[in-house]
Each structure stands twice: as structure tokens, then as C-alpha cells.
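Below you'll find the structure, written out as C-alpha cells, and then a few comments.
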Protein chains: 2
Amino acid sequence: MALRHAVLAALLDGEYSGYQLAKIFDVSLSNFWYAVPQQLYAELAKLEREGLISGRQVIQRDRPNKRLFTVTDAGLAELATFAATPSKPSSIREDLLVMVQAVDRLDPAPVIAQLEERAVTAAAKVEIFDRMLQRLRGDLDEETFLREGDRIGPYLTCLRGRRFEQENRDWCDQAAALLRARAPLSG
Amino acid sequence: MALRHAVLAALLDGEYSGYQLAKIFDVSLSNFWYAVPQQLYAELAKLEREGLISGRQVIQRDRPNKRLFTVTDAGLAELATFAATPSKPSSIREDLLVMVQAVDRLDPAPVIAQLEERAVTAAAKVEIFDRMLQRLRGDLDEETFLREGDRIGPYLTCLRGRRFEQENRDWCDQAAALLRARAPLSG
DNA sequence: GCTGCCTAGTCAATGATATGACTACTCCTA
DNA sequence: TAGGAGTAGTCATATCATTGACTAGGCAGC
């Protein structure tokens with residue numbers, strides 16, 4: 001029930017079309033909430049019917065027309081209600097961890113390979129987050145920005161994503177090294 | 001499609017009933033895969049029909065009879081296939097992060113309250129993980145256990161869970177402190 | 001002139017998850 | 001002696017999420 005709130009939160013910093021939102025949910029917001037385009041279009045339609053966002057058509061010559069959406073006052077009120085509702089913690093849900101859980105009874109080689117691959121992609125994500133953080137804080141240093149900058153919400157969520165991927169990387173490296181040391185013949 | 005593999009992985013270290021599995025998915029496995037009892041019973045029925053697990057009835061006097069399940073060779077093969085299938089990374093999906101993303105346009109007080117609450121529950125989870133880790137490694141120290149112990153899979157996944165909750169706690173504390181400092185009048 | 005990619009959005013179908021209620025029996029406590 | 005908590009499992013349903021295919025025009029490269 002929180003995709004709607006994620007959409008509202010994303011629309012807080014500007015007018016976006018469904019297509020643009022899909023991009024955002026693929027890079028920055030995917031950090032804590034991923035959604036495919038179809039979900040977004042469906043959710044946008046519902047939000048508009050309920051008056052939480054309003055859309056306006058933009059006619060374009062050289063490419064398909066689009067509809068840009070903004071949050072209404074009702075939408076902002078809905079977000080405020082959401083923020084005041086106790087949220088329950090949701091934990092990790094990860095195939096790779098299921099594999100590691102079972103690794104003692106399986107051939108460790110493919111699991112090790114996946115751990116090493118994941119460590120690389122996690123490291124790449126850390127760098128992406130670092131660039132996003134730099135862009136968000138502009139020419140201020142982190143401490144000053146967090147104290148005085150406007151819109152620190154996106155910065156804070158980005159920080160959380162960075163830490164998550166950093167931990168992911170470290171853990172994958174450690175697990176892969178351990179499994180490799182224990183099974184020196186395979187892989 | 002990976003609940004089935006999580007169930008198979010959980011059944012690797014013994015015979016369990018649906019009810020017992022529900023407990024396991026509520027504490028240790030919830031770490032990386034949560035499921036409600038109804039899902040488990042449905043999945044167990046499917047897995048048995050497909051011959052990946054086999055159940056045996058245990059008749060009890062003073063409480064309801066139960067069915068205990070074990071993984072078959074076919075089930076082990078299914079797990080091996082799963083472990084060799086490339087898995088895509090899945091990230092955090094968390095209501096609290098949606099709230100923080102939007103916090104600049106809302107009253108920060110309820111968000112700060114939730115962050116502080118979450119920091120406490122995360123700290124409690126860290127302690128639970130610490131006890132689980134201690135129990136898993138018995139009287140060995142961590143380094144020795146990881147080098148020589150049998151069944152390090154559950155230990156590694158538990159380590160990942162611990163790190164996740166530790167990061168969660170640190171981030172919640174930091175975010176709450178920052179927001180509090182920026183809005184000294186509310187909350 | 002063909003192929004592939006980008007923008008913009010839609011339809012349909014299946015699979016996974018969440019929610020709530022319900023049976024039935026036992027033990028313990030107030 | 002009634003109520004609550006624990007064990008063991010089931011049913012129904014509504015919403016969410018995932019997958020794949022599909023329209024349609026424009027632009028760039030080979």
C-alpha cells in the first residue's frame with residue numbers, strides 16, 4: 001500500500017511524466033522502492049482519480065505527447081497521514097542469501113561465483129550513490145549541507161542506500177573468501 | 001519463485017512441521033526471507049506434490065497431530081539448480097525511507113519519532129543476532145568456526161542480518177539527530 | 001533502407017503477498 | 001471455571017507485483 005506514497009514522495013521535487021518517474025524509480029528511488037513502469041502508470045491513474053495528484057497534457061511535436069503530474073494539497077495531506085502512521089520494519093529479501101544458507105549441502109563453486117559477481121555490482125552501486133550524493137549537496141561539504149541545506153530527505157535516503165551497498169560488498173567479499181578457503185579444489 | 005527454495009534451505013537442517021517452519025521464518029530466516037504461515041502450508045503442499053520434500057505423519061496424544069517434512073534427493077537437486085541460476089540483486093523496500101524522502105515537505109516530528117523508535121528495535125535485533133551467532137558457533141571463536149566449523153551457511157546469513165540491523169540503527173540515529181537539530185521547535 | 005534505441009504509454013495474465021477468520025484440543029493461571 | 005496462550009493447520013479473498021508483448025513515431029548509424 002506504499003507504492004502510492006513513494007510516487008507522491010517522488011513527485012514532491014517537480015512535475016514528472018509516468019515515463020520520467022519510471023526512470024527515477026529505476027535509479028534513485030530504486031534504492032528503497034523499486035517499481036516497473038506498468039505499476040507506475042496504474043498507480044498514477046488511481047492517484048489522479050482520487051485527486052491526490054493532478055496531470056496536465058503536454059503536446060510535443062517530435063515525440064509522443066506526455067502527461068506531467070504534480071502533487072495536490074490532498075496528496076500532501078495523504079503523505080502527512082502516511083508519515084504519522086506507524087510503519088513496520090521490513091527486512092532483506094534476497095535470493096543470494098537463500099543460496100548461502102544452503103551452501104553447506106551444495107557445490108559451493110556457483111555460490112562463490114555469484115558472491116564475487118555481486119561484490120562487484122555492489123561496489124559499482126556505491127560509486128553511483130557517491131556521485132548522486134555529490135550532486136545533491138552541490139558545492140557544500142556533507143556536514144554543512146546536512147545542517148543547512150534544503151531538501152535533505154533525498155540525501156538521507158541516498159546515504160542509507162550507500163551504506164547498504166557498502167555492507168553488501170564487504171559481506172560478499174568476506175563470504176566468498178571464506179568459502180573459497182574451505183573448498184580449495186572447486187571453483 | 002524463491003519461497004520454495006527458502007523452505008528447502010530451512011529443511012536442510014532437520015525435519016520440521018509447517019508450524020515449526022513458521023517459527024523459523026519468524027525469527028532466524030525472517031532475516032532474509034519472511035513468510036506468513038499460510039504461505040508456508042501452501043508451499044509445503046506444492047513441494048510434496050512435486051516430490052521435492054516428503055512428509056510423514058506424527059501422531060501425538062496431548063496435542064494435534066503434525067506432519068514432518070524432509071528434503072528429498074530431487075529437492076536437493078532443485079536447490080543445486082537454483083544456486084547455479086544467476087540471481088538479481090533486490091534492494092531495500094521500506095516505508096520509513098519513503099517518509100524520510102518526503103520529510104522536507106512535511107511535519108518532521110512524527111518521522112523523527114519513528115526513526116528513534118526504529119533505532120531501538122534495530123538495536124534489539126542486533127542483540128538477538130549476536131545471541132544466535134554465539135549459539136551457532138558453540139564454544140569456538142568466530143575465526144576458528146568460520147575456518148573449520150560445519151554448516152557456516154546459516155552463520156554467514158546471520159552475520160549479514162546483523163550488519164544490516166547495525167547499519168539501520170546507526171542511520172536512524174543519525175537521521176533523527178539531524179532532523180531534530182534542524183527543527184528544534186517541533187517534537 | 002534496415003536495424004536498433006529512445007520516448008510515451010497500454011493490455012493481459014499469472015504469480016506472490018497480505019489480511020482476517022476459523023477449527024480444535026491442551027495447559028496454565030486468575 | 002472461564003479466559004488466555006500455545007500447538008497445528010486450513011480457507012477465502014483482495015490487492016500487489018512480475019512478466020511479456022504490443023502500438024507508434026523519431027532519430028542515429030551502418
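Within every chain, numbering begins at 1; the chains are lettered A, B, ... in the order of the sequence lines, protein sequences first and strands thereafter. Any value given below was found using the heavy atoms of this structure, including those in side chains, with hydrogens, waters and symmetry copies removed.
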Check this one for me: any side-chain N or O of [X] less than 4.0 Å away from OP1 or OP2 of [N]?
{"X": "Ser17(B)", "N": "dG9(D)", "answer": "yes"}
{"X": "Lys23(A)", "N": "dT7(C)", "answer": "yes"}
{"X": "Tyr19(B)", "N": "dG9(D)", "answer": "no"}

What does [X] touch in the nucleic acid at a heavy-atom separation under 4.0 angstrom: a base, only the sugar-phosphate, or nothing?
{"X": "Gln39(B)", "answer": "sugar-phosphate"}
{"X": "Arg93(B)", "answer": "sugar-phosphate"}
{"X": "Gln60(B)", "answer": "sugar-phosphate"}

Atom [atom1] of [X] to atom [atom2] of [N]: distance rounded to whole Å?
{"X": "Leu3(B)", "N": "dC16(D)", "atom1": "CG", "atom2": "P", "result": "20 Å"}
{"X": "Lys46(A)", "N": "dA17(D)", "atom1": "NZ", "atom2": "P", "result": "10 Å"}
{"X": "Tyr34(A)", "N": "dC16(D)", "atom1": "OH", "atom2": "P", "result": "18 Å"}
{"X": "Leu44(A)", "N": "dG9(C)", "atom1": "CG", "atom2": "C1'", "result": "11 Å"}
{"X": "Leu68(B)", "N": "dG9(D)", "atom1": "CG", "atom2": "C1'", "result": "14 Å"}
{"X": "Leu40(B)", "N": "dT7(D)", "atom1": "CG", "atom2": "P", "result": "16 Å"}
{"X": "Arg67(B)", "N": "dT10(D)", "atom1": "CZ", "atom2": "C1'", "result": "14 Å"}
{"X": "Tyr41(B)", "N": "dA18(C)", "atom1": "OH", "atom2": "C1'", "result": "17 Å"}

Discussion item. I'd like to know if Glu94(B) and Arg160(A) make a salt bridge, using a cut-off of under 4.0 Å between side-chain N and carboxylate O.
Written reply: no
Worksheet item: Between Glu143(B) and Arg147(B), is there a salt bridge with N-O shorter than 4.0 Å?
Response: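 Looking at Arg147(B) and Glu143(B), the cut-off is met.
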Discussion item. Please determine whether the number of non-hydrogen atoms from other residues, nucleotides or ligands lying under 6.0 Å from atom CG of Asp141(A) exceeds 12.
Written reply: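 Check passes, neighbour count above 12.
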Out of [options], which nucleotide sits closest to the side chain of [X]?
{"X": "Arg63(B)", "options": "dT7(D), dT7(C), dG20(C)", "result": "dT7(D)"}
{"X": "Pro64(B)", "options": "dA17(D), dC25(C), dT19(C)", "result": "dC25(C)"}
{"X": "Gln38(A)", "options": "dT10(C), dA24(D), dT10(D)", "result": "dT10(C)"}
{"X": "Lys88(A)", "options": "dA17(D), dC6(C), dT19(C)", "result": "dT19(C)"}

Fill in: Contact nearer the 5' end of DNA chain D, comparing Gln20(B) with Arg61(A)
Gln20(B)
Fill in: Close side-chain approach of Leu140(B) and Leu146(B), heavy atoms under 4.5 Å
no
Fill in: Pairwise side-chain contact, Leu8(A) with Glu78(A), heavy-atom cut-off 4.5 Å (strictly under)
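Yes, side chains in contact.
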